[in-house]
Amino acid sequence: MDDVSDPSDWTSTSLPQLEPLDTGLRCRICRDWYTAPMITECSHSFCSLCIRKCIAATPSAEAPCCPICRASVTEVRLRRNQVLEDLCFWFRSSRMTMLEFAKAQAESSQEKKDVSGKRRRHHLVNKTESSQEDGIRRSSRMRRSVSYQEHLDLDHEQPTEDNSAANSGCFVILDDEEATNGLVPCPVCNQRMTEKQVMRHIESCLSVKSISSSSHQHSLNGTTASSTSKPPKTLLTSSSFSSKPFQRLPKLQYSLLNESKLRNKLQDLGIPAHGNKQTLQNRHTEWVSLWNANADLTSPKSKTQLLRELSEWEASLTRYALQGKKEEDLDAWAMTHKSDFQDLIAIARSSVQKKQKAEEKSSVIEAEPRKLEEVAVVEEPDEEITSLSNNFVSGVSSED
Amino acid sequence: MNNVSSRAAAGRLLREYKTAQKDKNEHVSIAPVTESDLFHWVGYIRGAEGTSYEGGEWKIDINVHPLYPLFPPEIKFVTAMCHPNVDWKDGTICLDILKGQWSPAFTLYSACMAIVALLSEPEPDSPYNVDIANVMRLKDHEAADSLVRYFTYKYAMQ
Ligand SMILES: [Zn+2]
Ligand SMILES: [Zn+2]
Ligand SMILES: [Zn+2]
């Protein structure tokens with residue numbers, strides 16, 4: 001579980017106040033880091049793809065609204081939230097380092113509490129040794145947790161704890177600075193330097209890397225997909241960022257198109273054109289969302305990649321439709337429960353009537369007798385109910 | 001789930017699972033049926049103290065749409081639930097946020113908390129279970145209460 005980063009990672013560290021910051025840099029629809037965040041008219045932000053899909057999924061009879069505040073949202077009025085994207089990037093680039101630091105700090109302060117008083121001197125002598133052991137134990141625990149990730153086949157959230165010796169070493173360093181001269185690896189190029197140097201170094205490191213090569217991609221600690229591990233647009237020089245190859249696609253008024261005209265539109269776009277009109281319409285809608293969100297990405301994906309995503313979207317829906325509900329189970333359940341319910345309702349009705357009569361008689365002393373009656377039903381179901389249930393049970397067993 | 005759309009859902013569900021393990025609550029606990037399929041969860045809802053559902057624990061079944069969170073999860077009671085907004089026959093729940101009022105900003109956990117709230121604030125005017133709703137509408141709360149307590153005792157204890 002440790003391999004999927006989550007705001008709750010901060011809770012048991014020495015920096016729990018970073019949890020709201022971590023939450024704030026994640027989209028409320030996918031709960032992942034913002035990818036090409038777009039700001040709405042109501043000043044909420046979502047990933048471009050998330051909000052576009054959300055708008056597309058709105059039934060045509062309703063107006064699309066903000067998932068957070070339900071104010072109405074218009075797709076053409078969405079604007080890029082560049083600052084949010086940059087903040088997100090900078091936070092992610094130092095997150096793993098900060099997190100390991102805060103975890104180690106929490107643990108070492110816990111250790112100090114545990115040993116306090118009794119053997120303070122002894123503890124100081126062995127400090128280096130014990131914290132290194134701790135580092136090793138932790139990283140093997142992380143390694144075990146990775147298997148779940150692989151099982152799910154999420155290429156999201158590379159388990160960076162596992163993939164470099166530098167990182168597990170890094171943990172020990174942070175745990176006890178003196179032992180290793182306090183050097184930490186740059187999250188981009190893994191070069192070792194002091195923490196202060198890293199802060200200054202990262203910016204220059206990123207701009208050098210982004211201009212010099214797209215062939216060599218760094219994996220950032222705690223970052224997600226490769227498309228987002230590149231620096232934000234603002235960090236690139238104007239020369240390296242040429243005009244976008246992706247023009248946004250307009251929405252279609254499906255009601256104005258017949259099936260064959262719509263099919264032609266899909267063929268023109270180079271996407272699969274089989275199926276009935278509803279299928280074509282759904283596929284076109286999905287394609288427009290994928291395409292337009294891709295145009296908002298700092299480094300857009302290829303059309304081939306988008307086509308793959310489209311076909312995977314369709315496959316997951318088909319699988320779901322074919323899945324078939326477990327209706328028979330539910331019917332069987334209903335059969336076993338229905339009749340005793342009807343019987344009890346009838347009893348309840350008659351008891352209501354009895355009570356109403358009783359109430360009319362003794363309206364002065366209200367509370368006491370009512371309570372008694374209630375207890376009688378709850379603690380020991382009265383004879384009528386018990387016998388009904390028994391009849392019911394025997395009825396079922398004889399039927400079967 | 002090795003496809004992109006469901007992968008987006010799976011990523012979110014994995015985070016929800018992680019938080020669900022940390023946010024243990026006295027009224028709701030939920031988890032995937034197996035870790036290999038995050039699209040089918042099982043949960044338990046416990047009645048709030050001081051309500052007719054006090055002391056009961058109901059099993060619920062959560063089916064997640066592949067395009068979650070764009071579409072709401074399908075949540076049903078597995079344990080018999082006597083409530084005006086719950087279908088006695090199949091456990092279907094009549095709750096606006098599980099239908100048209102769903103927002104992708106909700107989570108499985110927040111949806112379950114809304115169900116807990118529904119237990120203490122039934123809406124007999126839009127009933128799935130007409131019979132218990134009628135008893136409630138008779139305004140004799142004791143009759144409804146004792147009936148609910150009886151079913152809680154019979155089906156939702158131990
Ligand atoms: Zn998102
Ligand atoms: Zn809003
Ligand atoms: Zn560097």
Side-chain angles (χ1 to χ4, degrees), chain A residues 1 4-8 11 28-32 49-50 53-54 57 59 62 65 67-68 70 148-149 151-157 308-309 311-313 315-317 319-320 330-331 333-334 337-338 341-342 344-345 347-349 351-352 355-356 370-371 373-374 376-379 381 385 389, chain B residues 1-12 14-19 21-23 35-36 38-39 63 65-67 69-71 74 76 78 80 82 87-92 100-101 103-107 129 131-132 134-135 138 140 142-147 149-155:
Chain A
M1 294 303 286
V4 172
S5 83
D6 182 274
S8 63
T11 41
R28 286 283 295 277
I29 298 176
C30 62
R31 308 264 160 174
D32 203 345
L49 186 59
C50 288
K53 282 193 174 196
C54 184
E62 294 165 30
C65 69
I68 297 174
R70 299 199 192 272
Y148 181 39
Q149 154 106 21
H151 186 58
L152 270 168
D153 193 31
L154 295 169
D155 59 20
H156 254 38
E157 305 287 348
R308 202 174 303 139
E309 289 177 16
S311 80
E312 284 162 348
W313 164 83
S316 77
L317 282 182
R319 240 197 335 271
Y320 182 72
L330 290 172
D331 288 346
W333 191 88
H337 291 76
K338 195 178 176 184
F341 182 82
Q342 297 301 342
L344 285 169
I345 284 290
I347 293 164
R349 283 218 188 94
S351 96
V352 169
K355 248 187 262 176
Q356 281 171 338
R370 277 173 162 229
K371 248 185 200 165
E373 205 168 339
E374 175 189 324
V377 175
V378 176
E379 306 274 312
I385 290 177
S389 308
Chain B
M1 287 288 158
N2 33 11
N3 65 76
V4 168
S5 299
S6 287
R7 202 188 298 156
R12 181 176 145 150
L14 197 52
R15 285 195 177 79
E16 287 197 33
Y17 179 27
K18 203 175 164 184
T19 353
Q21 284 181 320
K22 292 182 186 175
D23 300 351
E35 291 201 336
S36 58
L38 288 171
F39 290 81
N63 252 300
H65 194 279
L67 301 185
L70 295 181
F71 294 94
E74 226 177 76
K76 283 178 177 178
V78 177
C82 177
D87 191 317
W88 177 256
K89 292 191 290 298
D90 64 8
T92 315
Q101 290 301 298
S103 155
F106 294 143
T107 62
N129 185 334
D131 300 301
I132 185 71
N134 284 340
V135 174
L138 286 173
D140 189 323
E142 276 69 23
D145 180 74
S146 55
L147 198 61
R149 281 180 192 270
Y150 171 71
F151 281 109
T152 302
Y153 168 84
K154 188 176 179 195
Y155 294 108

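So you know, we letter chains A, B, ... as the sequences are listed, proteins then strands, and number each from 1.
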For chain B, find which of A:Ser8, A:Pro59, A:Cys50, A:Cys65 contributes the most heavy-atom pairs closer than 4.5 angstrom.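 Max contact count across the listed options: A:Ser8.
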Proximity breakdown for A:Cys54 and chain B, heavy-atom pairs closer than 4.5 Å: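 Contact with chain B is through both the backbone and side chain of A:Cys54.
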Where B:Pro104 and A:Pro67 come nearest, the two heavy atoms and their spacing: CD-CB, 3.8 Å
Any sub-3.5 Å donor-acceptor pair from [X]'s side-chain atoms to [Y]'s backbone N or O?
X: B:Arg12; Y: A:Ile29; result: yes
X: A:Arg31; Y: B:Ala105; result: yes
X: B:Lys18; Y: A:Val4; result: yes

Taking the side chain as every heavy atom from C-beta outward, state whether A:Asp6 and B:Glu16 have any pair of such atoms under 4.5 Å apart. no
